[in-house]
Amino acid sequence: MSSTPSRGHQLDRVAVTGGTHGNELSGVYLVKHWLQNPSELQRGTFAATPFLANPKATKRCIRYLSQDLNRSFTRTFLTSKETQDGPYEVRQAQEINQLFGPKGSADAFDFIFDLHNTVSNMVACLILDSEENVFTMHMCHYIQKHTQGPCPIYLYGLPGQENYSLQSVAKNGLGLELGPQPHGVLRADVLSHMRALVACGLDFIDLFNQGTSFPAFDIVAYKIIEPMDFPQSPSGELLGFVHPQLQDKDFFPLKPGDPIFQLFSGEEIFYEGDATIYPAFINEAAYYEKGVAFYKMKKCTFSIPPLEAPEASAP
Ligand SMILES: [Zn+2]
């Protein structure tokens with residue numbers, strides 16, 4: 001569950017996690033740098049805590065050892081008792097839950113920024129569970145206004161689905177998904193962009209803590225519908241690949257009848273839905289193991305209510 005911070009509560013427990021996927025190197029190396037020199041994460045009203053979320057995967061420069069850490073923050077995994085011989089990421093999720101949670105409790109951290117990269121052309125994507133998270137929607141709006149380039153908002157929560165992500169351990173959270181960058185590679189432009197986004201998010205929290213209120217606004221965001229699988233044989237072999245006209249067109253409109261795949265035979269496959277969608281994570285390397293070619297998204301406009309400043313803290 002995420003919630004708007006109630007009036008009277010500043011956010012002073014903030015974490016910045018990288019290496020949740022061990023081969024997404026912008027977050028890995030920014031966090032390693034901040035662990036040595038955390039001054040960049042300090043603001044007047046708080047200091048954020050850097051944390052390397054999956055050190056074993058990071059060391060081997062792989063996404064994960066046993067299972068995806070960023071899908072491991074469900075009640076089932078967090079309360080699992082077979083931790084000694086169990087999957088490494090389940091133990092790691094439980095440790096993170098101890099450090100920054102417990103998830104859903106009053107003791108949980110106020111905010112987690114979780115840093116990711118994608119090989120897809122997602123630019124500087126801002127990822128959160130739902131538009132109902134008013135505080136984080138205000139942060140997204142602030143980041144869009146105060147940083148360079150597009151920052152599409154990606155809402156990943158599905159109705160009735162338990163929130164499984166690392167950032168869900170805190171009361172509020174934001175995933176930064178920057179790309180295109182190959183996994184296992186550092187690109188200067190992507191690294192500096194991520195650094196600017198984190199700085200801007202920290203500035204927003206600091207302004208809020210200092211007593212700034214933020215007015216209501218309307219904002220465009222993309223809400224997940226469902227994954228679109230690659231064309232596959234009954235045994236799971238790929239029968240084709242993302243169509244050249246779709247490649248790199250993340251968050252562009254895709255209309256019924258537009259091409260989405262090309263088969264190895266040369267045949268084209270066209271989108272058969274009945275409405276325009278906005279694909280995201282097109283041809284993301286990490287989703288091949290799931291057979292997912294992209295995620296179908298719908299473009300929505302939301303009216304976000306004002307965010308009231310916290311009351312001044314007692315001297
Ligand atoms: Zn990731």
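In each ligand, atom 1 is the first atom listed, and ligand 1 is the first ligand listed. Worth saying up front: this structure is predicted, and the values here are computed from it rather than measured. Just the heavy atoms: all of them, side chains too, but no hydrogens, waters or symmetry mates, feed the values below. Numbering starts at 1 and runs along the sequence shown.
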So does K103 get a backbone contact from the side chain of N97, meaning a donor-acceptor N/O pair under 3.5 Å?
yes

Can you find a side-chain donor-acceptor pair between S235 and S233 that sits under 3.5 Å?
yes

Hey, which of Y222, Y287, F251, F294 is the one that makes ring-ring contact (aromatic ring centres under 6.0 Å, His included) with F281?
Y287

Spacing of I127 atom CD1 and Q167 atom CD [to the nearest 0.5 Å]
7.5 Å

From Y142, F214, F46, F135, residue fulfilling ring-ring contact (aromatic ring centres under 6.0 Å, His included) relative to F208
F135

Distance col, row F204:CZ vs F111:CZ, nearest 0.5 angstrom, shows 8.5 Å

Please give me the protein atoms (N, O or S only) lying under 2.8 Å from the Zn ion (ligand 1), ordered by chain and number.
H21 ND1, E24 OE1, E24 OE2, H116 ND1

